[in-house]
Structure formats: structure tokens, C-alpha cells
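Counting starts at 1 for both ligands and their atoms, following the listed order.
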Amino acid sequence: MMEKIFERVESYRDFSVEVLSKLIEIKALSPENGGDGEYEKAEYVESLLENLKVRRYDAKDDRVSSGVRPNIVAELEGEEKRRLWIVTHLDVVPEGDISLWESDPFKAVYKDGKVYGRGSEDNGQSLVGSIIAAKALIDLEITPKLTLSLAFVSDEETGSRYGIQHLINLGVFRKDDLILVPDAGFPKGDKIEIAEKNILWLKITVLGKQGHASRPDLCKNANRKAMQLLVELDKELHKKFSKRNDLFNPPYSTFEPTKREKNVDNINTIPGRDVSYIDCRILPEYKNEEVIEFVKEFVEKRKEDFEVFVDVVQDESSPPTKEDSEIVQRLMRAIKVARNIDAKLCGIGGNTCAAFFRKAGFETAVWSTTDGKAHEPNEYAKIDNLIEDAKVFALLPVL
Ligand SMILES: [Zn+2]
């Protein structure tokens with residue numbers, strides 16, 4: 001039966017190129033990115049799901065002309081009520097600097113086994129892969145063991161409030177569901193992501209006293225104070241939060257001073273205000289709270305006669321999915337059977353839809369095979385990857 005499934009999936013190669021190309025040409029940008037949402041794209045996707053039980057969970061959003069951000073759920077009933085989900089997103093990011101593209105980002109180009117265009121890899125490849133996986137089972141009249149559920153959601157690139165968070169809040173998912181989010185991957189398809197570092201963005205504001213650069217005796221230089229604080233804080237953070245976890249690359253928490261706001265316009269003025277930011281990616285062994293507490297105590301002790309404020313700009317964390325969870329074990333088996341690959345587990349420093357699932361208590365795996373071209377100019381998807389991943393998707397509810 002496995003061989004039959006693989007052969008059938010292979011036979012959809014041309015169909016996949018055609019569908020993926022069409023998807024690229026229906027621009028689906030969120031209103032935050034200057035677009036009109038995902039409605040038209042969702043209508044097209046829905047037209048491909050004729051033999052599945054389809055439901056819509058659109059979220060109201062007056063900023064787009066359709067008035068809603070579409071979310072589609074499509075089901076192929078299995079022997080068991082328990083569901084295996086494959087969750088992909090409809091929206092894409094803007095093209096970025098257009099001069100870096102060799103073709104029109106919203107006109108698909110098929111060349112050397114790759115489809116080029118914005119959204120081809122992120123998340124078109126897996127979206128089409130999930131459709132042909134279901135199609136193979138339907139065309140072969142195979143009833144999978146688990147019910148196969150596909151979700152096509154909006155708003156992944158701009159916060160997921162109208163997408164996956166909306167579905168989770170509506171209670172669409174059940175605790176015994178198995179969830180795969182194929183929205184990040186590695187070129188060989190040999191890594192399953194089961195954990196994401198906590199994200200913490202801090203804003204540090206130092207207030208001193210502005211004045212003429214020739215009279216520092218009358219001023220308080222916020223720039224110097226901020227630099228001293230940041231350099232020392234950087235050292236202390238790394239020392240204090242020094243645990244290692246080899247699931248991640250790099251295998252430790254990172255604390256990077258990044259943005260600094262502009263201060264004075266001229267060289268001969270001592271700035272009285274300095275605003276800097278630190279991007280922290282923290283191992284799940286620590287709570288963000290501990291880091292915030294540590295930073296606040298640190299500046300309190302060293303601020304002297306300056307005023308220093310610590311603000312939290314972003315604070316996200318989710319528990320890792322267990323290595324022995326059913327979704328991870330099932331996925332490892334399917335990858336082995338379909339591809340003869342022994343997949344390893346890993347964690348990443350970024351954030352996907354999986355974080356929302358994990359936070360809500362759902363065991364979730366992230367896996368796909370990609371060259372990592374998401375958000376880049378000349379983004380492409382390899383059709384071989386699409387097909388090989390679809391074989392794994394099709395096996396998942398069957399095994
Ligand atoms: Zn994505």
C-alpha cells in the first residue's frame with residue numbers, strides 16, 4: 001500500500017507546479033503589510049478541496065475589503081475520530097527590495113525543478129503538499145487510521161491573531177489531536193523542530209542631562225552611561241544565564257544589543273537621553289521573568305544619579321514538545337519509511353505557529369524539507385521537496 005501511495009503522490013508533480021504557481025500569483029498580504037488579506041487565495045484553495053469535508057472559521061477584520069480573514073479546515077475521515085493536523089498558512093510577506101529579484105515576485109517561474117515567486121517556499125510548498133497527500137488517499141480510496149485534517153490559516157506573518165490564535169480560541173482543536181506545522185525546515189529534511197527559544201525584547205532608556213559638549217561638568221551624558229551599562233549587562237547576562245542545551249543551535253541563550261534610537265543631531269551636544277534595545281533568545285530552561293527581574297535589579301544597582309527604565313517590548317515563550325510524544329514518534333517513523341532518513345530533533349531561535357499550539361497545551365512538531373529561502377529575494381520551492389514531503393504527509397495518518 002505504501003508504494004501505491006508514493007507512486008500516486010509522484011503522479012501529481014505537474015498538478016503541484018500548476019497549483020503552486022497559481023497560489024503565488026494571488027497576492028495574499030495582510031493589511032499591516034499594505035495588502036487586502038487572503039480571501040481570494042482562500043477561495044482558490046477551497047476549490048481544490050472538493051472531496052473533503054470543509055468548514056470555514058473566518059475572522060472578522062474590517063481593514064480588508066472582504067471584511068474577513070479566511071481560515072479553512074478540511075477533513076478526510078479516518079477509522080478513528082482522533083485527528084492528525086497539517087497546518088499551513090495562506091499569507092505571504094512583501095517582496096522586499098524589488099531590485100534584488102530576477103523575476104516578478106508575484107509571477108511564478110518554473111525553472112530547473114524549482115518554482116520561483118514570493119510564498120513559493122513559505123508556505124506554498126507545504127500547503128500544496130498537504131493537498132496532494134489528502135488527494136492521494138482519496139484517489140486510492142484509502143481510509144486512513146487517523147482522521148486527516150488540513151488547516152489553511154491567515155495572518156501567520158503578522159501575529160496570527162486572525163489565524164491560528166482565532167482557531168485555538170474557538171476550540172477547533174482537541175487535546176488528543178496530533179499537530180504538524182510544516183513551516184520551517186532544513187535542506188535534507190532530517191531535522192524535526194520540537195522547541196523554540198523564549199523571545200524577550202527589552203528597551204532600556206537612560207535619562208541624564210543634555211548640554212554643551214565643552215561643559216560635561218554641568219551635564220549627565222546618557223550616551224556614555226548607556227554604553228557602560230549595556231557592555232556590563234551583556235557580560236553579566238551571559239554569565240548568569242549560562243546553561244547549555246544541545247537541542248538548539250547555538251546551544252545557549254543569546255542576548256544581543258541591537259537597535260539604538262537616534263539621539264542628538266550634532267556632535268557638540270551631550271545627549272541627555274539614550275534608548276537601546278536588547279533581543280534575547282532564551283533557553284526554555286529559564287523563565288523570561290527571571291531575566292527581566294535580573295536586568296531590573298542590575299540597572300537599579302548601577303544607575304547612580306541617572307534615571308533608567310526597563311520596558312518589555314515582546315515576551316513570548318512556549319514549552320517544548322516531548323521527544324516521546326506521539327506526533328514526534330509518528331513523524332520519525334513516516335520520514336524513515338518514506339525517505340529512509342533518521343531524523344534528529346532540534347530547537348530553533350525563531351517563532352512559528354507551533355508556539356501558539358504548544359502554549360495552549362498541544363504537542364506540536366515542525367518539519368519540512370527546504371533550502372531556507374523564506375522571506376528572501378528570489379524565493380523558490382523545489383518540486384522534489386514538495387513531492388517527497390507530501391509522501392510523508394500522506395503516510396502520517398495511515399501508519
Ligand atoms: Zn511561514
Side-chain angles (χ1 to χ4, degrees), residues 16 19-20 23-33 35 37-38 41-42 45 59 69-72 85-96 105-106 108 114-131 133 150-168 179-187 189 191-197 199 316 318 321 331 346-359 362 364-382 385-386 389-390 392-393:
S16 300
V19 172
L20 183 55
L23 288 171
I24 289 166
E25 294 177 8
I26 311 174
K27 210 167 172 173
L29 290 172
S30 69
E32 286 91 334
N33 284 327
E38 304 86 349
K41 194 161 169 184
V45 169
R69 308 293 292 279
N71 294 291
I72 307 171
W85 288 89
I86 302 174
V87 180
T88 55
H89 64 88
L90 296 159
D91 57 318
V92 302
V93 293
E95 64 277 15
F106 294 100
K114 298 168 184 162
V115 173
Y116 289 82
R118 176 54 85 224
S120 52
E121 180 190 293
D122 181 16
N123 199 198
Q125 179 187 315
S126 293
L127 191 159
V128 177
S130 73
I131 292 174
L150 310 182
F152 308 94
V153 300
S154 287
D155 194 29
E156 193 276 336
E157 302 288 2
T158 39
S160 289
R161 262 184 307 136
Y162 300 89
I164 207 63
Q165 294 201 63
H166 179 66
L167 297 194
I168 290 171
I179 297 164
L180 172 66
V181 177
D183 190 23
F186 292 87
K191 284 190 183 132
I192 299 172
E193 187 253 273
I194 56 165
E196 294 174 7
K197 284 180 184 170
I199 297 185
E316 289 294 343
S318 58
T321 287
L331 184 56
C346 76
I348 62 170
N351 243 193
T352 69
C353 265
F356 296 108
F357 281 114
R358 289 178 183 141
K359 220 190 298 188
F362 299 99
T364 306
V366 176
W367 173 83
S368 65
T369 310
T370 70
D371 284 354
K373 298 293 167 191
H375 300 206
E376 288 188 13
N378 305 308
E379 177 181 354
Y380 66 78
K382 273 191 190 149
N385 289 340
L386 190 160
D389 284 5
V392 173
F393 297 164

May I ask you to decide whether [X] forms a salt bridge with [Y], counting only side-chain N to carboxylate O separations under 4.0 Å?
X    : Y    : answer
R161 : D155 : no
R358 : E316 : no
K373 : E379 : no

### Query
Which atoms of the protein, restricted to N, O or S, are nearer than 2.8 Å to the Zn ion (ligand 1)?
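Result, waters dropped: H89 NE2, D122 OD1, D183 OD1, D183 OD2.
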
### Message
With no hydrogens and no angle check, just 3.5 Å: does a side-chain donor-acceptor pair link E196 and T352?
### Response
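Yes.
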
### Query
Quick one: are T88 and V153 in side-chain contact, heavy atoms under 4.5 Å?
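With C-beta onward as the side chain, the pair stays apart.
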
### Message
So, taking the atom named NZ in K359 and the one named OG1 in T364, what distance separates them when rounded to the nearest 0.5 Å?
### Response
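Atom-to-atom, K359:NZ and T364:OG1 are 12.5 Å apart.
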
